Amino acid sequence: MVANGVAWIGYGVALWLVARGTMPDVALSLPVATGAWIASYVLGFLSPLPGGIGVREGILFVLLRPEIGAGEAAALASVSRIVITLTEVVAVAPFLLSSPEAARRVPPA
């Protein structure tokens with residue numbers, strides 16, 4: 001639970017940094033970004049949809065809209081999904097690109 005808590009806070013900080021990097025004029029506070037991320041992650045996880053797609057973005061939108069406005073909240077929720085998807089693809093790419101045949105060609109140590 002502690003590791004998940006640290007990860008969720010890290011993702012909240014990442015959402016805050018994405019907001020600052022993509023929309024420098026938007027004043028999103030770190031506590032709101034972190035709380036919105038945690039709520040959207042948990043509800044997306046509980047969703048029956050793969051990866052909580054749509055649910056997580058909807059929750060982010062609803063929670064961020066009062067602080068940063070509707071357009072900015074929608075944009076940040078969308079950018080967040082793209083960033084998370086890209087980081088997951090990059091992290092798994094080496095495993096997807098390796099094949100069982102390549103693993104068998106490696107000589108034993």
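Computation of the quantities below employed the complete heavy-atom set of this structure, encompassing side-chain atoms and omitting hydrogens, waters and symmetry-equivalent molecules. None of these values were measured; they are calculated from a predicted model.
- Side chains of Leu76 and Leu60 form no contact here, defined as non-hydrogen atoms less than 4.5 Å apart.
- Summarising the geometry, atom OG1 belonging to Thr22 is positioned 10.5 Å from atom CG belonging to Leu17; distances are rounded to the nearest 0.5 Å.
- When hydrophobic clusters are built by joining Ile, Leu, Val, Met, Phe, Trp and Tyr residues whose side-chain heavy atoms come closer than 4.5 Å, directly or via intermediates, Leu15 is grouped together with Ile68.
- Trp8 and Leu43 fall into different hydrophobic clusters, where Ile, Leu, Val, Met, Phe, Trp and Tyr side chains are chained together by heavy-atom contacts under 4.5 Å.
- Across every non-hydrogen atom of Trp16 and Ala33, the tightest pair is CB-CB, 3.8 Å.
- A parallel orientation is assigned to the rings of Tyr41 and Phe45, their planes being inclined by less than 30° (bins at 30° and 60°).
- Interatomic distance, Ile59 CD1 to Leu64 CG, rounded to the nearest 0.5 Å: 11.0 Å.
- In terms of heavy-atom proximity, Met23 sits nearest to Glu72 at CE-O, 3.7 Å.
- Among all heavy-atom pairs drawn from Glu67 and Val32, the shortest one is OE1-CG2, 3.0 Å.
- In plain terms, the two heavy atoms of Phe95 and Ser98 that are nearest each other are O-OG, 3.1 Å.
- Residues Phe61 and Ala74 share a closest heavy-atom pair of CD1-N, 3.6 Å.
- Open room surrounds CZ on Arg20; 12 or fewer heavy atoms of other groups in view lie less than 6.0 Å from it.
- Transitive grouping of hydrophobic side chains (ILVMFWY, heavy atoms separated by less than 4.5 Å) keeps Val55 and Ile38 in distinct clusters.
- One finds the CG atom of Leu30 at 9.5 Å from the CD1 atom of Ile9 (value rounded to the nearest 0.5 Å).
- Counted by atom type alone, Ser47 and Arg56 present zero donor-acceptor pairs between their side chains at under 3.5 Å.
- There is no path of hydrophobic side-chain contacts, each under 4.5 Å, that joins Tyr11 to Val92.
- In terms of heavy atoms, Gly52 sits closest to Glu57 at O-OE1, 4.0 Å.
- Using modelled atom types, one side-chain atom of Thr87 and one backbone atom of Ile84 make a donor-acceptor pair closer than 3.5 Å.
- The shortest side-chain heavy-atom distance between Leu63 and Ser40 does not fall under the 4.5 Å cut-off.
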